[in-house]
Amino acid sequence: MSAKIIDGKQVAADIREELTKEISELRERGIIPGLGVILVGADPASQSYVSAKERACENMGIFSDDNRLPTETTQKELLALVDKMNHDPKINGILVQLPLPKHIDEAAVLLAIDPDKDVDGFHPMSVGKMMVGEDTFLPCTPHGIVQLLSRSGVETSGAHVVVVGRSNIVGKPVANMLLQKKKGANATVTLCHTRTKDVGYFTRQADIIIAASGWPNTITADMVKEGVVVIDVGVNRVEDASRERGYRLVGDVDFDAVKEKAAMITPVPGGVGPMTITMLLFNTVESARRANKV
Ligand code: GUN
């Protein structure tokens, strides 16, 4: 059996269509949602993410204030820009692209963002609210994963979800979101990481696997059971001389082999990726709504 491919581009397009209606209603009331974007340094992957975010804002009628700062930017200068955006009524959401250069204390920067504009959901206040199940901005990639599952008709209630990877951006929050006592969640969650003794022991028991390790081939066919649903969060560059740019993108899952056992699987690219930016737009629109009490 070959798996059904979960089409992230299509699900993202459906959500963007819903958002387009909401944005035009807001604009009719004179409200233009605004996103402040800050990128420090010249990491090529971060540059392409940020450009994609800016393009998405432009296409959707969201104002975006783009700030590309040199690697040498000091923490003080970055904090001053965040503070300016905190007080700018045109800005509803602030996004500081991670990772930041080593000389900048990431935690201090995330803490400086006004939680009411924390559309990335990385401020400790947002993380805490998410953990206790209160309404808050949910981090974009995990929120996108939950949307992909529910909009693809995957039942999470009572399912055993095995998350592989414990990053603050994906692994920890998605595990937390799926164990909440809420519609679209209610899963039994296992979180595996680099010190897990036998990842396959856990993934073979999984009804749903969320692979977010950051390494190609973390999940191979012998590590999954028949009928599993696989969400691949990885975006890894592997050398490929046959491509003009010299590399191709692969996920964390051995896609070709695992798709023969899985019931559903996300491709890379075209799976989780398009959802991340879409959920950022979703949070920015939600923030504009809250700020204007509509
Ligand atoms: N770096 C990788 N993913 C993300 C994300 O979702 N938000 C931010 N700010 N940085 C990231």
Side-chain angles (χ1 to χ4, degrees), residues 8 12 15 34-57 62 64-69 71 73 75 78-79 81-82 85-86 91-102 104-115 117-127 130 136-148 163 165-177 210-215 231-237 249 251-252 268-269 271-284 286-287:
I15 298 175
L35 177 68
V37 180
I38 306 175
L39 170 63
V40 185
D43 174 62
S46 293
Q47 280 175 332
S48 73
Y49 286 140
V50 164
S51 298
K53 286 167 191 171
E54 291 163 356
R55 270 197 310 275
C57 285
I62 293 177
S64 109
D65 177 14
D66 309 328
N67 297 266
R68 304 211 179 196
L69 310 179
T71 312
T73 303
Q75 182 163 323
L78 178 55
L79 289 173
L81 180 54
V82 168
M85 289 184 174
N86 280 341
I91 303 288
N92 302 111
I94 301 172
L95 180 133
V96 179
Q97 184 66 29
L98 303 178
L100 286 166
K102 296 241 174 326
I104 296 178
D105 177 358
E106 198 166 283
V109 175
L110 297 180
L111 196 60
I113 295 171
D114 180 346
K117 298 190 178 188
D118 179 33
V119 287
D120 247 336
F122 294 159
H123 189 288
M125 174 89 88
S126 311
V127 177
M130 174 193 68
T136 187
F137 293 119
L138 297 170
C140 304
T141 302
H143 194 190
I145 294 168
V146 172
Q147 287 293 319
L148 265 186
V163 178
R166 58 176 154 182
S167 70
N168 288 338
I169 293 181
V170 184
K172 283 187 214 163
V174 80
N176 234 289
M177 285 165 66
I210 299 176
S213 63
W215 292 101
I231 305 291
D232 190 349
V233 189
V235 186
N236 306 295
R237 288 183 181 195
L249 295 179
D252 295 347
V268 177
V272 174
M275 295 299 292
T276 299
I277 295 178
T278 300
M279 300 325 290
L280 175 72
L281 305 174
F282 177 94
N283 280 350
T284 305
E286 178 60 27
S287 184

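Counting convention: from 1, in listed order, for ligands and their atoms alike. In this text the structure is predicted, and so the values were computed from the model without any measurement. Side chains are part of it too, since the values below use all heavy atoms of this structure and drop only hydrogens, waters and symmetry mates.
When heavy-atom distances to ligand 1 are checked against a 4.0 Å cut-off, Val96 comes that close only through its backbone atoms N, CA, C and O.
For ligand 1, one of its N or O atoms has an N or O atom of Gln97 under 3.5 Å away. Polar contact with ligand 1: absent for Pro99 (N/O pair, distance under 3.5 Å).
Of the possible polar contacts, one joining the Asn86 side chain to the Ala112 backbone as a donor-acceptor pair under 3.5 Å is found. Under a 3.5 Å cut-off, the side chain of Asn283 and the backbone N or O of Ser287 do not form any donor-acceptor pair.
The side-chain heavy atoms of Arg68 and Ser51, taken from C-beta on, include a pair separated by under 4.5 Å.
In terms of protein heavy atoms, atom 10 (N) of ligand 1 is closest to Leu98 N, 3.0 Å. Nearest to atom 7 (N) of ligand 1 among the protein's heavy atoms is Asp120 OD1, 3.1 Å.
For the pair Leu35 and Ile62, the tightest heavy-atom approach, listed with the atom from each and the gap, is N-CG2, 4.3 Å.
The closest approach between a heavy atom of Tyr49 and any atom of ligand 1 is not below 4.0 Å.
If you take CG on Leu280 and OG1 on Thr278, they are separated by 9.0 Å, rounding to the nearest 0.5 Å.
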